[in-house]
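Below is one structure, written out as structure tokens; comments come after it.
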Amino acid sequence: MTNDDPDGKTLTEQCRHESNAATCPPPAQVLRHHREAANGHRALALWFTGLSGSGKSTLAHALEKRLHDRGVRTYVFDGDKIRHGLCADLSFSADDRTENVRRIAESVKLFLDAGIVCFCAFISPMRADRENVRRILGDADFREVYVRCSLEECERRDIKGYYRLARQGKIKNYTGISAPYEAPENPALTLDTDALGLEACLDRLEAFLVGNGLPSR
């Protein structure tokens, strides 16, 4: 795509910007704080990042079950779910990974407006992409959770067999093998899943949420 815009935007980006500038959402009568009051809790986004096999989705779904059983309105965003729908048209190139994360963030933003606690489980390997998520959602709503696990342990688990295929060169641009992973520098919470069991991690996550304004048991 050629750059016809003096600010460096592609033609597609320029058209999107001009189209968005012409839209005006109607005034809402029910706002986020009304929804949060009805739910009995605030909305928040936990962004789980880490290598494939580190336990991000396992933690997100198990935590959702704990909170759902307490009446907390929750939703899990995970890579497989998003890649089969909203982002089915994207590859795993660097540019498409960035766009994948951007689309997710914009979707999560709508769920936050609905008053829902969001658990987002994505490798999201680049710091710049995760910082863009923070910018989109805002510091008040974004909490980065680093699900830390050694590459050796993630390869040992290799639930889907992708590491083996990546080592054989059958999968390109695989994070940790042929594509980089940039660990968070200052995450809100770090969970060492090659040392901590599931229940211990969930207890820490639940305490973290209570410390961030969600009701205790």
Side-chain angles (χ1 to χ4, degrees), residues 1 12-13 16 20 43-68 72-137 141-147 149 151 154-155 157-182 191 193 198 201-202 205:
M1 183 69 68
T12 300
E13 290 169 336
R16 181 191 299 154
N20 290 347
L44 190 68
L46 295 193
W47 191 274
F48 295 85
T49 177
L51 293 171
S52 177
S54 59
K56 302 178 299 299
S57 291
T58 298
L59 288 172
H61 285 286
L63 182 61
E64 180 185 40
K65 181 65 167 64
R66 271 199 185 191
L67 271 78
H68 178 78
V72 177
R73 296 195 66 201
T74 58
Y75 192 80
V76 173
F77 293 79
D78 66 41
D80 289 342
K81 187 183 299 183
I82 294 294
R83 284 283 184 176
H84 283 91
L86 178 65
C87 297
D89 59 316
L90 299 178
S91 71
F92 287 89
S93 69
D95 286 348
D96 277 6
R97 283 175 181 261
T98 293
E99 174 61 11
N100 179 61
V101 172
R102 188 198 67 80
R103 291 184 192 181
I104 295 162
E106 292 291 353
S107 299
V108 173
K109 186 176 181 179
L110 296 175
F111 275 65
L112 291 172
D113 190 51
I116 295 173
V117 179
C118 302
F119 303 130
C120 313
F122 299 96
I123 296 173
S124 47
M126 309 310 290
R127 292 191 193 102
D129 291 340
R130 299 194 301 269
E131 283 305 306
N132 192 41
V133 176
R134 184 190 300 275
R135 182 190 62 79
I136 291 169
L137 301 184
D141 290 329
F142 176 82
R143 300 292 183 275
E144 186 178 45
V145 178
Y146 180 22
V147 184
C149 187
L151 176 61
C154 290
E155 286 198 71
R157 296 172 181 176
D158 202 14
I159 298 169
K160 300 177 182 178
Y162 292 162
Y163 279 107
R164 177 176 52 82
L165 294 174
R167 289 291 188 190
Q168 295 172 354
K170 296 179 180 178
I171 297 180
K172 306 298 183 184
N173 299 320
Y174 197 77
T175 303
I177 305 299
S178 52
Y181 177 78
E182 298 176 348
L191 299 170
T193 57
L198 177 61
C201 288
L202 291 176
L205 284 163

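Atom set for the values below is all heavy atoms of this structure, side chains included, hydrogens, waters and symmetry mates excluded. If you read the sequence from its start, that first residue is 1, and numbering goes on from there.
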Query - Heavy atoms from other residues, nucleotides or ligands near NE2 of His61 exceed 12 (cutoff 6.0 Å) - result: yes

Requested in this report: Mind listing the closest non-hydrogen atom pair of Arg97 and Asn173 along with its distance?
Outcome: NH2-O, 2.8 Å

Report summary line: When rounded to the nearest 0.5 Å, the distance separating CD of Glu64 from CZ of Phe119 is 7.0 Å

Requested in this report: Could you tell me whether the side chain of Tyr162 and the main chain of Tyr174 form a donor-acceptor pair under 3.5 Å?
Outcome: no

Query raised in the report: At their closest point, which heavy atom of Pro180 faces which heavy atom of Thr175, and how far apart are they?
Result: O-CG2, 3.7 Å

Report summary line: Exactly one of Phe77, Tyr146, Phe122 clears ring pair (Phe, Tyr, Trp, His ring centres under 6.0 Å) with Trp47, and that residue is Phe122

Query - Interatomic spacing from NE2 in His68 to CG in Leu63 - rounded to 0.5 Å - result: 13.0 Å

Query raised in the report: To the nearest 0.5 Å, what is the distance between OG1 (Thr74) and CG (Leu67)?
Result: 6.5 Å

Query raised in the report: Does the side-chain contact (heavy atoms from CB on, under 4.5 Å) test come out yes or no for Arg143 and Leu44, once each step is laid out?
Result: CA-CA 8 Å; Arg143 300 292 183 275; Leu44 190 68; 4.1 Å; yes

Query - Side chains of Asp78 and Ser57, donor plus acceptor under 3.5 Å - result: no

Query raised in the report: Any side-chain heavy atom of Thr193 sitting closer than 4.5 Å to one from Leu59?
Result: yes

Query raised in the report: Considering all heavy atoms of both residues, which atom of Ile116 and which atom of Ala43 are nearest to each other, and what is their separation?
Result: O-CB, 3.4 Å

Query - Nearest atoms (heavy-atom pairs only) where Ile171 meets Ser178 - result: O-OG, 4.2 Å

Query raised in the report: Under 30°, 30 to 60°, or over 60°: which ring-plane class applies to Phe111 and Tyr75, parallel, tilted or perpendicular?
Result: tilted

Report task. State whether Arg167 and Glu155 are salt-bridged, where the test is any N-O pair (Lys NZ or Arg NE/NH1/NH2 against Asp/Glu carboxylate O) under 4.0 Å. Result -> yes

Requested in this report: Please round to the nearest 0.5 Å and tell me the distance separating atom CZ of Arg130 and atom SG of Cys120.
Outcome: 13.5 Å

Requested in this report: With the side chain counted from C-beta on, respond yes when Leu205 and Leu46 share a heavy-atom pair under 4.5 Å apart, and no when they do not.
Outcome: yes

Query raised in the report: Between Arg103 and Asp89, does at least one N-O distance fall below 4.0 Å, as a salt bridge requires?
Result: yes

Query raised in the report: Just wondering, are more than 12 heavy atoms of other shown residues or ligands nearer than 6.0 Å to NZ in Lys65?
Result: no

Requested in this report: Would you check if Arg157 and Cys149 make a side-chain contact, meaning some heavy-atom pair closer than 4.5 Å?
Outcome: yes

**Report entry** Expected output: side-chain Arg83 to main-chain Leu90 donor-acceptor under 3.5 Å
**Finding:** yes

Query raised in the report: Any idea which heavy atoms bring Gly53 and Cys154 closest together, and the distance?
Result: C-SG, 3.8 Å

Requested in this report: For the residue pair Thr98 and Asp129, confirm or rule out a side-chain donor-acceptor distance under 3.5 Å.
Outcome: yes

Query raised in the report: With a 4.5 Å limit on heavy-atom distance, are the side chains of Arg66 and Leu202 in contact?
Result: yes

Query raised in the report: Got a second to check how far Ile104's CD1 is from Cys118's SG, nearest 0.5 Å?
Result: 12.0 Å

Report task. Might you confirm whether atom CZ of Arg73 has over 12 heavy atoms from other residues, nucleotides or ligands at distances under 6.0 Å? Result -> no

Query - Closest non-hydrogen atom pair between Arg102 and Asn132, with its separation - result: CG-ND2, 4.2 Å

Query raised in the report: Under 3.5 Å, side chain of Thr49 to main-chain N/O of Ile123, donor-acceptor pair present?
Result: yes

Query raised in the report: Is there a donor-acceptor contact under 3.5 Å from the side chain of Lys56 to the main chain of Val147?
Result: no

Query raised in the report: Roughly how far, to the nearest 0.5 Å, is CD1 of Ile159 from OH of Tyr163?
Result: 10.5 Å

